[in-house]
Engineer: 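Take a look at this one; I'll ask things after.
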Amino acid sequence: MSRLDAQTLLSTSKPRVVVVGAGAFGGWTALHLQQLGAHVTLVDAWGPGNTRSSSGGETRVIRAIYGPDRIYVEMVKRAYELWGQIGATLTEPIYVETGALWMLRGDDDGYVRSAVPILHDLGFAVEHLPIADAARRFPQINFHGVKSVWFEPRAGALSARRACGVVRDTFVKGGGTYRTEAVKAEELIKSGEADVYVFACGPWLGKHFPDVIGERVLPSRQEVYYFGTPRGSDRFAAGHFPIWIDFGERIVYGIPDVNGRGFKVADDTRGEVIDPTSVNRTPSEEGIARARHLLAERFPELAKAPLIAAEVCQYENSPDGNLIVDRHPHANNVWLLGGGSGHGFKLSPAVGEIAAKAIVEGRDVPPTFRLDRLHDTKHRETQFERKQG
């Protein structure tokens, strides 16, 4: 792999950059690079938000509770600004505000409680609701077994697949080049097509860079279900019902009915490792049964709701659940973005901005996102300590 001195790039009036991957991370990085004056080509094997990608599917959660991790709350705040800017150009919204209800089954609500000072400092409201008050406010929910309830008013759902297309289209309208093409990292870098190469290829990142990433970022099978809501009722629709997180032995979350898609239920527990290219994406009977059990327990009106749609997607998990934004250790002109770990979509406008400014302006990347940490086996993610949605 060739090397490119950072100062050489900074002195280039219009550096040529190829971004591989038109999902959330790649699309936003390409757009920010273009806005910083680079000549950018965006490439994807199947297109922005395709079904095989980590950015596919109907919806993603955006919320600000991140335990004690201030950097992520800061990124959520910036992401809201950037999602709002691109959303203002559209006639059909890509974000719907619902609020987010956290239902914790255990006695320890420290994950949420530790976020409160950070949220207040950055302008996010959060409410601690007595169980009785929560039950009156959300009568659709059976709070049996819940010990603590918190509510984020500013949280909602992003239209995932559509948002990826919107970002790509905005990039192209601004003069960027997009092409659908499958590439191999080594061949592309050796081609000399660009001064800088950015690989934001989600669950395929380890295959492209087995030496640096390899099995340190693994795609896991994640099933998502959509259940039909009662006829003639909007009780479980966005605007009348919040995003919810049932935080217990397993972490299950969901999104109210958005645009008639259905009541979304997803298990955050990491599934088996898969090949995202060839995996059979038929939902499992075991997973459906588990989702139905949760519905019957927590949302009694939906106990017998029909399953009207399902998706089999994937997380791309880093060992500690943190994102990856860093230069390749052996090639100064190659950048790697990934490790979304089930929570990156909401952050993607801020991720792209961080990456673009690091590449074009030489800005520092937060140490939390650097590659060298992946070799420290002491830091391993525990389930949902940091991530979801």
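All residue numbers in this chain count up from 1 along the given sequence.
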Engineer: For side-chain contact (heavy atoms from CB on, under 4.5 Å), just list the numbers for V146 and R298, CA-CA rounded to whole Å, side-chain angles, deciding distance to a tenth of an Å, and then say yes or no.
Structural biologist: CA-CA 10 Å; V146 174; R298 189 64 69 215; 3.6 Å; yes

Engineer: I'd like to know if the side chain of Y226 pairs up with that of D257 as donor and acceptor (distance under 3.5 Å, no hydrogens or angles considered).
Structural biologist: no

Engineer: Are any non-hydrogen side-chain atoms of D267 and Y253 less than 4.5 angstrom apart?
Structural biologist: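 Heavy-atom side-chain distance check fails, nothing below 4.5 Å.
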
Engineer: State which residues pass side chain to side chain contact (heavy atoms under 4.5 Å, CB included) with V273; sequence neighbours excluded, sorted by chain then number.
Structural biologist: L218

Engineer: In terms of hydrophobic clusters joined by side-chain contacts under 4.5 Å, are V312 and I274 together?
Structural biologist: no

Engineer: Is the shortest side-chain N to carboxylate O distance from D107 to K147 below 4.0 Å?
Structural biologist: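 Here D107 pairs with K147 in a salt bridge, since their nearest N and O are under 4.0 Å apart.
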
Engineer: When the aromatic ring centroids of W204 and F199 are compared, is their separation below 6.0 Å?
Structural biologist: no

Engineer: What about L122 and L82, same hydrophobic cluster or not, with Ile/Leu/Val/Met/Phe/Trp/Tyr joined at side-chain heavy-atom distances under 4.5 Å?
Structural biologist: yes

Engineer: Can you check ring-ring contact (aromatic ring centres under 6.0 Å, His included) on H343 and Y72, steps first, answer last?
Structural biologist: CA-CA 10 Å; H343 69 113; Y72 285 118; 5.2 Å; yes

Engineer: Quick one: are the ring centres of F143 and W244 less than 6.0 Å apart?
Structural biologist: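 Ring-ring flag for F143/W244: false, centres at least 6.0 Å apart.
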
Engineer: Between F263 and F227, is the ring centre distance below 6.0 Å?
Structural biologist: no

Engineer: R261: which residues meet the salt bridge (charged side-chain N to carboxylate O under 4.0 Å, His left out) condition with it, sequence neighbours left out?
Structural biologist: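 R261: salt bridge (charged side-chain N to carboxylate O under 4.0 Å, His left out) contacts with E58, E311.
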
Engineer: With sequence neighbours left out, write down each residue that passes side chain to side chain contact (heavy atoms under 4.5 Å, CB included) with P366, or none if nothing qualifies.
Structural biologist: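 P366 satisfies side chain to side chain contact (heavy atoms under 4.5 Å, CB included) with I71, I354, F369 once adjacent residues are dropped.
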
Engineer: Is I118 linked to Y66 within one hydrophobic cluster, defined over Ile, Leu, Val, Met, Phe, Trp and Tyr using a side-chain heavy-atom separation of less than 4.5 Å?
Structural biologist: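 Shared cluster, yes.
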
Engineer: Is there a side-chain contact between V20 and L188 (heavy atoms, below 4.5 Å)?
Structural biologist: yes

Engineer: Could you work out, with salt bridge (charged side-chain N to carboxylate O under 4.0 Å, His left out) as the rule, every residue matching R137, not counting sequence neighbours?
Structural biologist: E127

Engineer: Does the side chain of L374 come within less than 4.5 Å of I213's, by heavy atoms?
Structural biologist: yes

Engineer: Inspect the contact between D275 and K207 and indicate whether a charged nitrogen and a carboxylate oxygen are less than 4.0 angstrom apart.
Structural biologist: yes

Engineer: Could you tell me if the side chain of T177 sits less than 4.5 Å from the side chain of L42, heavy atoms only?
Structural biologist: no

Engineer: Kindly check if the number of other-residue, nucleotide or ligand heavy atoms within 6.0 Å of NE2 (H293) is above 12?
Structural biologist: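 For H293, atom NE2 is not crowded (no more than 12 foreign heavy atoms under 6.0 Å).
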
Engineer: For S220, give me all partners under side chain to side chain contact (heavy atoms under 4.5 Å, CB included), at least two apart in sequence or on another chain.
Structural biologist: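 Per chain and number, S220 pairs via side chain to side chain contact (heavy atoms under 4.5 Å, CB included) with Q222, R270, Y315, N317.
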
Engineer: Between R63 (side chain only) and I65 (backbone N and O only), is there a donor and an acceptor less than 3.5 Å apart?
Structural biologist: yes

Engineer: L337 and side chain to side chain contact (heavy atoms under 4.5 Å, CB included): which single residue from V198, L205, I324 fits?
Structural biologist: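 Only one option passes, and that is V198.
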
Engineer: With E297 as reference, evaluate R292, R250, R105 under the salt bridge (Lys or Arg N to Asp or Glu O under 4.0 Å) test and give the passing residue.
Structural biologist: R105

Engineer: Check the orientation of F299 and F236. Use parallel for under 30°, tilted for 30 to 60°, and perpendicular for over 60°.
Structural biologist: perpendicular

Engineer: Test of understanding: with side chain to side chain contact (heavy atoms under 4.5 Å, CB included), list the residues that count as partners of S284, not counting sequence neighbours.
Structural biologist: E223, Y225, E286

Engineer: Is there a side-chain contact (heavy atoms from CB on, under 4.5 Å) between I243 and L101 once you walk through the steps?
Structural biologist: CA-CA 6 Å; I243 285 167; L101 190 72; over 6 Å; no

Engineer: Please check if I131 and M103 belong to a single hydrophobic cluster, counting links between Ile, Leu, Val, Met, Phe, Trp and Tyr side chain heavy atoms closer than 4.5 Å.
Structural biologist: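 Yes: a chain of side-chain contacts under 4.5 Å links I131 to M103.
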
Engineer: Assess the side chains of D109 and W150: does a donor N or O sit below 3.5 Å from an acceptor N or O?
Structural biologist: yes

Engineer: Count the heavy atoms of every other residue, nucleotide or ligand shown that sit under 6.0 Å from CG of N259, and state whether that count exceeds 12.
Structural biologist: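 Open.
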
Engineer: Between R363 and E361, does any NZ, NE, NH1 or NH2 come within less than 4.0 Å of an OD or OE carboxylate oxygen?
Structural biologist: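 Here E361 pairs with R363 in a salt bridge, since their nearest N and O are under 4.0 Å apart.
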
Engineer: Is there a donor-acceptor contact under 3.5 Å linking the side chains of Q314 and R281?
Structural biologist: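 Distance-only check passes for Q314 and R281.
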
Engineer: Can F209 and D211 be said to form a side-chain contact (heavy atoms from CB on, under 4.5 Å), step by step?
Structural biologist: CA-CA 6 Å; F209 298 93; D211 55 337; 4.2 Å; yes

Engineer: Any non-hydrogen side-chain atom of L33 less than 4.5 Å from a side-chain atom of V360?
Structural biologist: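 With C-beta onward as the side chain, the pair touches.
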
Engineer: Quick one: do L90 and L158 end up in the same hydrophobic cluster if we chain Ile, Leu, Val, Met, Phe, Trp and Tyr together by side-chain heavy atoms under 4.5 Å apart?
Structural biologist: yes

Engineer: Are V19 and V40 packed together at the side-chain level, in the sense that at least one heavy-atom pair is separated by less than 4.5 angstrom?
Structural biologist: yes

Engineer: Is there a side-chain contact (heavy atoms from CB on, under 4.5 Å) between H128 and V149? Walk through the geometry before answering.
Structural biologist: CA-CA 6 Å; H128 189 199; V149 178; 5.7 Å; no

Engineer: Taking the basic N atoms (NZ, or NE/NH1/NH2) and the acidic carboxylate oxygens, is any pair closer than 4.0 Å for E74 and K77?
Structural biologist: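 Not counted as a salt bridge, because no side-chain N and carboxylate O are separated by less than 4.0 Å.
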
Engineer: Charged N to carboxylate O below 4.0 Å: is that the case for E193 and R16?
Structural biologist: no

Engineer: With under 30° as parallel and over 60° as perpendicular, where do the rings of F124 and Y80 fit, or are they tilted in between?
Structural biologist: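 Rings of F124 and Y80: tilted, as their planes differ by 30° to 60°.
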
